[in-house]
Amino acid sequence: MSAPDAPSQTASLPPTYAPHAVEPDIARRWAQSDAFHAEPGPALAGDRQPFTICIPPPNVTAALHLGHALNNTLQDVLTRYHRMRGDNTCWLPGTDHAGIATQTVVDKRLKQQGDKSLIDYKRDAAEGKPGREQFIEKVQAWKDEYEQRITDQLKAMGCSCDYDRQAFTMDAPRARAVREGFFRLFKDGLIYRGKRLVNWDPVSQTALADDEVESKDVDGQFYYMNYPLCDEQGELTGGHVTVATTRPETMLGDTAVAVNPRDPERAKHIGQFVRLPIVGRVIPIIGDDYVVIPDPDSDDAKAKMASGFLKVTPAHDTNDWEIGQRHNLAAINVMAPDATISREHGWIDIEDCDCEAVEPLLGLSREDARKAIVRWFRENDLLADQKPYRHAVGHSYRSHVPVEPYLSDQWYVKVTDDRLAGAALRAMAPDQRTEGTATTWTDTHPHAANATGDWEGELRFHPPRYAKTFQAWHENIRDWCISRQLWWGHRIPVWRREVPTDGPPAALEAMIEELLEWNRQGRIAMQYRGEVVPLAISERDQLDLTAFFICVRDPEQDAEIVEKLEAWGLTRDPDVLDTWFSSGLWPLSTMGWPEATPELQAWNPTSVLCTAREIITLWVSRMVMFNHYFTGDDGLAQRPEGGAANGQQRLPFRDVFIHAMIQDGHGQKMSKSLGNGVDPFDIIDSHGADAMRYTLTSMTTHTQDVRMPVDMIDPHTGETFTPKFVTASGGYKVAAPTQDHHGKSMVSSFGVASGRATPSDDAPLARNTSEKFDLGRNFANKVWNAFRFGLDLLDRDAVEQAGPDPELDMASAWILSRLGRTIRACDDALNRYEFAAYATTVYDFFWRDLCDWYIEAIKPTVKDDASQQRALAACLDASLRILHPAMPFITERLWSALDEAVGDVSVRGLKLHPWPMLCEASWPVTDGSLLDEQAESDWELLQRIVTAIREVRAAHNVPPKRIVQVSSQAPSDVARSVMTRRRFAETLAGYEGREFGPNIEPPPGAASTVVGEATIYLHDLLDPDTERKRLDKRKDELAKSIAALEKRLSNKGYTDKAPPHLVQQTRDELDAKQRELAAVGEQLTALAAG
RNA sequence: GGGCGAUUAACUCAGCGGCUAGAGUGCUUCCCUUACAAGGAAGAGGUCGCAGGUUCGAAUCCUGCAUCGCCCACCA
């Protein structure tokens, strides 16, 4: 027993949990302890399983929002769980440079501030000044700022990353990996230069990947334009054909008109010619079955609108490009990179054109050119018709302008090669691969699994449905354009000569010799006319130096080569690599690849990738292909548990967990670009980090989306209110930029993000919050107070004396049994990535079982009962351990309080080794001996009795403090069993037991209730009206369920076919209900009589 | 157009062949019972989107429809 003057444990714990007073302190302790740092060395490897996660590196464009908070919370739950399990655990943090996104954001900011922006730096660079370097410095400064913000956010959320290993996709080690990766693919012929139509963003003037194009519905017009028929020489022959288009401006680049050869009316025109209006170009009418045959009655909008004649513009439309390829048509580009009409960028026959008509169009924007051309057609009586048409148009996901299909030279990765896409498909767990789709590889397809079947796929998606997305992507994959016309990124390590050499042949010879020598040394790789150059070149006389591409393996290190190349007049490709090229290498580059590091050996493959579904194709796919391709020959011994069976190639991870996307209260995706993102700091401020984490964990089921209605906090008063919403561009609902609440103004985070409002002293920025996090906050407070109380009850000496195997009363046996089940359920849930199940399991155990029942039951006795104290201590200790992954701060704080109060509180069947810091303490392991089914069923009966008595008390408005007298009429064995548990039941239901037995007469003036075979009387309570109402209601309920049960049993199909134990259960239940109904009926009769 | 998912209490979500369909928030009544009012006890509230089917038995499986969301494809 604690001495009367001993300082109370609760003295240091205030009655309401204040996260802000606890979290910074705990974060500091973790940082100082080095607890999150991991080493892969063989000494540690031993029998410990590795557990590694690479963070999906957030973009440095902006701070993290709740979607990231969710993503990182789940990773931290897994990381902390495995660390406690004793695994060699490393969670590797980092950020992504996010090429186009960051460059755009910084440029926008510079413009907003009125500073020199990208366009100015580009001008400087064109004049030979260091514009590129200076602009990159600006972006670098932005990156430094946001990388720091992001890291601060992660730490504030309690993420137990190994911050010593923090990586950035553009820092030196990652850059090294990118250069090496590029070099190997280049050398192996998997990178090539191609002339293709790319998705061109005329604003940022860069090519976009297919994934960076987002489709938006646009209200447009269908224009029907007449092209006059002519002969091959261009002499008009009378008549015309009518082409239909939504993009009249591209007609300047038309090189054919196509009709479907099966079109009965129009096929006859194939082989004829038209003279292109304005331009005067004579172009053929060709047959191609891509063309839709018009059908005014069709449901298909296109067939309805089509004229049957398709203008073909290979340089400005992807489908037309393909038609052009089939029919050998010229591709005439009529636009400049900024999408204005231009004669300078591939308008090869401009000299033959009708200058007078074309001249006014030059320099016009796409939009203006469209108007001008439509006007011209109208004025010249060639516009046959015009109809409104709503259709999808690809937009740049950054600048939001329509994407222009644009002909240019780009670098590609040949992901269609079997060594990449095929390998990714074969990496899939066989049971997650679906066969039978039209595009599934057949045995003869190069992507088919090899006949020997020595590759056992093991890439597994959770939930499994996402495997389909992954598979479909790879089955329909197209080569990956990796060059971007940006400055912010990894510069492509390829040199070439723009103009043919004019040096003497001897010098050329010497140069070639030197290149070949470097090639032999593996310092460069060369491609010539698209072919990887072998070690010897024939036909040197005819070499075209400008057709050489020289990839320098490591230009940062190999200065000698770079100097020579530039002395020879070769220049480096100005483009940079697609962001996903470096993030695709992430599980390799963060582990030190291409060196054969211990990290790579121990931690690649990583254990699980935790991400949202939107980047299954963008990112997951590329990591799988790269990791697999590059680990074939890295000289690392194969881990017994890890990686592939085929050679030594490895996956980047074997599990992919795809979590939900957080939507706002209107069902819109939470995103930075929309401006509806919520800063985790806001939630940490309003609810605390643990509350946020717990709630996010409990929201994570295997569904696709979760909705999060967002409220606002008035910075003037601290009140929470629902903001006013407005409809922003694109039809999205967002909080209005400025808000009023009780007559005072404030600025919403959307206002700031969109630049439409600036916070001031009078109108400060309003933080966001959401009442969804009350769940976590209330739970944290409950945990806090349970410990405040529990720690006060525990006496160190008593707990120690009780020992690990004390005599347990029913309550203690029950709660330990529940604890055992809870621990197992947590393990099951976490191993299956069922985060919500884990969260509710610990919640129910702690709040419902431990607080509501056990602690309440032992209140009167625990001060003098050492075994109850031992059981309580074990529950509290184990609870902290199993709660810790979800709520690390509060549990770490309480852990030190518990440590002050008691020592080792292990009990039989449950080892709870003390440890200074909870984050490194062991996860509780139970061997099953904690389970006590007898105690569980006994306690369940007790709960029914207590609840029944409470119900009667509540109906009769009995104040909690009033102790009522209770007696019970029951068969003697039941009565005896009730007597043995009366101590706990009396405490919990607030009564004093009188007589229990088979021959008890109903006391006069008593209310009654029925539990099983016992009728319980609560003395001196009777209010006949209340009682009658209660009993009538109960009678109705019973009658209803009896009817249902009887109906079920009267169904012969049920009694014949259902499992016998179920039938028996139904019979028993019916029996019990009928008995209770009889008892209730007796009470009602007595009431009526009395 | 192809694919994936959702539709269950006022709100946000669990449950995914057999408990009287659950939780958190909100609501009602009583209680500031010295752990916690961010709490305790009790309670109200649901023909599980609609229509068929399979089954002894369907919120749960199948088919169709409707509505909403996401991904992929698509500027005639």
Side-chain angles (χ1 to χ4, degrees), chain A residues 10 13 15-17 210-211 215 218 220 222-224 243-247 250 258 291-292 300 302 305-313 316-320 389 391-394 402-405 465-466 468-469 472-473 476 613-614 616-617 661 663 665 667-669 687 691 695 698-699 701 703-709 770-772 774-793 836-837 840 843-844 851-852 855-856 859 947 950-951 953-955 957-961 990 1037 1040-1041 1044 1048 1051-1059 1062 1065-1066 1069:
Chain A
T10 58
L13 304 179
T16 300
Y17 175 56
D210 290 346
D211 334 288
S215 182
V218 166
F222 232 115
Y223 299 94
Y224 296 82
V243 299
T245 179
T246 57
R247 297 206 58 201
T250 63
V291 181
V292 174
D300 178 38
K302 213 174 257 179
M305 305 293 278
S307 71
F309 293 99
L310 175 67
K311 64 192 262 328
V312 181
T313 325
H316 292 282
D317 182 285
T318 40
N319 291 311
D320 292 6
Y389 183 58
H391 61 128
V393 177
V403 165
E404 185 65 43
R465 73 182 109 98
Y466 292 112
K468 209 168 171 180
T469 310
W473 165 262
N476 300 299
R613 67 180 176 284
E614 54 187 349
I616 290 174
T617 51
M661 232 134 74
Q663 303 179 336
Q668 307 165 140
K669 173 175 151 184
H687 286 80
T695 303
S698 72
M699 280 166 38
T701 59
T703 188
Q704 267 190 186
D705 307 297
V706 283
R707 213 174 265 221
M708 170 87 63
S770 172
E771 65 173 22
K772 287 213 78 167
D774 292 356
L775 168 68
R777 187 247 264 138
N778 295 354
F779 186 39
N781 194 238
K782 188 70 183 181
V783 172
W784 184 257
N785 276 288
F787 272 81
R788 255 172 22 100
F789 184 63
L791 293 175
D792 218 20
L793 297 172
T840 44
Y843 184 98
D844 288 341
C851 294
D852 289 352
I855 291 180
E856 292 302 328
K859 260 183 185 173
T947 305
R950 282 172 174 174
E951 215 175 295
R953 294 181 58 125
N957 275 328
V958 182
K961 268 190 226 168
E1037 283 171 4
K1040 233 172 157 181
S1041 50
R1048 199 182 302 169
N1051 181 347
K1052 204 164 169 332
Y1054 178 68
T1055 47
D1056 287 355
K1057 295 192 185 172
L1062 270 175
Q1065 198 177 300
T1066 311
E1069 207 179 313

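In the text below, chain A, chain B and the rest are named by the order of the sequence lines, each starting its count at 1. This one's a predicted model, so the numbers in the text were calculated from it and none came from an experiment.
Applying the 4.0 Å criterion to OP1 and OP2 of B:C4, one finds that A:Lys468 has a side-chain N or O inside that range. Distances shown here put a side-chain N or O of A:Lys859 below 4.0 Å from the OP1 or OP2 atom of B:A35. OP1 or OP2 of B:C75 lies within a sub-4.0 Å distance of a side-chain N or O belonging to A:Thr318. Close to B:G57, at under 4.0 Å from its OP1 or OP2, lies no side-chain N or O of A:Asn1051. Dashed line: the shortest gap from a side-chain N or O of A:Asn319 to OP1 or OP2 of B:C75 is under 4.0 Å. Contact check, A:Asn781 against B:G39: no side-chain N or O comes under 4.0 Å of OP1 or OP2. The phosphate of B:A14 has OP1 or OP2 within less than 4.0 Å of a side-chain N or O from A:Thr701.
Among the protein residues, A:Thr245 comes within range of the sugar-phosphate backbone only, with heavy atoms under 4.0 Å from sugar or phosphate atoms but none that close to a base. Within the 4.0 angstrom heavy-atom criterion, only backbone atoms of the sugar-phosphate kind lie near A:Arg707; the bases stay farther away. Residue contacts shown for A:Arg613 are limited to sugar-phosphate atoms, with no base heavy atom under 4.0 Å away. No contact: A:Ser307 has no heavy atom under 4.0 Å from any strand. Residue contacts for A:Tyr466: at a heavy-atom cut-off of 4.0 Å it reaches no nucleic acid atom on any strand shown. Looking at heavy-atom distances under 4.0 Å, A:Lys311 makes no contact with the nucleic acid at all. Within 4.0 Å of A:Glu1069, counting heavy atoms only, lie sugar-phosphate atoms of the nucleic acid but no base atom. Nucleic acid contact for A:Val958: none, since no nucleic acid atom lies under 4.0 Å from a heavy atom of the residue. Using a 4.0 Å heavy-atom criterion, one finds that A:Pro960 contacts the bases of the nucleic acid, with or without backbone contacts as well. Within the 4.0 angstrom heavy-atom criterion, only backbone atoms of the sugar-phosphate kind lie near A:Arg950; the bases stay farther away. When heavy atoms are screened at a 4.0 angstrom cut-off, A:Asp317 is found touching the sugar-phosphate backbone but no base atom. Among the protein residues, A:Thr16 comes within range of the nucleic acid bases, having at least one heavy atom under 4.0 Å from a base atom. Using a 4.0 Å heavy-atom criterion, one finds that A:Leu775 contacts the sugar-phosphate atoms exclusively. Nucleic acid contact class of A:Thr703 (heavy atoms, under 4.0 Å, all strands): sugar-phosphate only.
Nucleotide B:G39 holds its C1' atom 14 Å from the CD1 atom of A:Ile855, rounded to whole Å. One interatomic measurement links the two molecules: CG of A:Asp852 to P of B:A37, which rounds to 15 Å at whole-angstrom precision. Look at OH on A:Tyr17: it is 18 Å from C1' on B:G39, rounded to the nearest Å. Remark: C1' of B:C13 and CD of A:Glu771 are 13 Å apart, rounded to the nearest angstrom. In this structure, CE of A:Met708 is placed 18 Å from P of B:C11, rounded to the nearest angstrom.
Remark: the backbone N or O of A:Ala836 is not paired with any side-chain donor or acceptor of A:Thr701 at under 3.5 angstrom. With hydrogens and angles disregarded, a donor-acceptor distance shorter than 3.5 Å links the side chain of A:Arg953 to the backbone of A:Pro959. Between the A:Ser770 side chain and the A:Pro709 main chain, a donor and an acceptor come within less than 3.5 Å of each other.
Nucleotide B:U54: unpaired (no Watson-Crick or G-U wobble partner with both distances less than 3.5 Å). When Watson-Crick and G-U wobble pairs are counted only if both distances are under 3.5 Å, B:U28 pairs with B:A42. Nucleotide B:U7 is matched to B:A66 when pairs are restricted to Watson-Crick or G-U wobble geometry with both distances under 3.5 angstrom. Under the Watson-Crick or G-U wobble criterion, with both distances below 3.5 Å, B:U34 has no partner in any strand shown. Pair assignment for B:C16: none, as no Watson-Crick or G-U wobble contacts are both less than 3.5 Å. Using N1 to N3 plus N6-O4 or O6-N4 for Watson-Crick, or N1-O2 and O6-N3 for G-U wobble, each under 3.5 Å, B:U47 pairs with nothing.
Nearer the 5' end of RNA chain B, as judged by each residue's closest nucleotide, is the contact made by A:Pro1059, out of A:Pro1059 and A:Thr246.
A donor N or O paired with an acceptor N or O is not found under 3.5 Å between the base of B:A6 and the side-chain atoms of A:Gln663.
In this structure, a donor-acceptor pair under 3.5 Å is present between the side chains of A:Asn785 and A:Arg788. Side chains of A:Thr245 and A:Tyr224: a donor-acceptor N/O pair is absent below 3.5 angstrom, by distance only.
In the set B:A76, B:G18, B:A35, B:A35 carries the atom at the smallest distance from any side-chain atom of A:Asn785. Relative to the side chain of A:Pro15, the nucleotides B:C36, B:A76, B:U12 differ in distance, and B:C36 lies closest. For A:Lys961, the listed nucleotide lying nearest its side chain is B:U33; candidates were B:U33, B:C75, B:G5.
Salt-bridge check for A:Glu856 with A:Lys859: passed, with a basic side-chain N closer than 4.0 Å to an acidic carboxylate O. A salt bridge links A:Arg247 to A:Glu404: at least one charged side-chain nitrogen sits closer than 4.0 Å to a carboxylate oxygen.
Rounded to a whole angstrom, the distance from the C1' atom of B:A73 to that of B:G3 is 10 Å.
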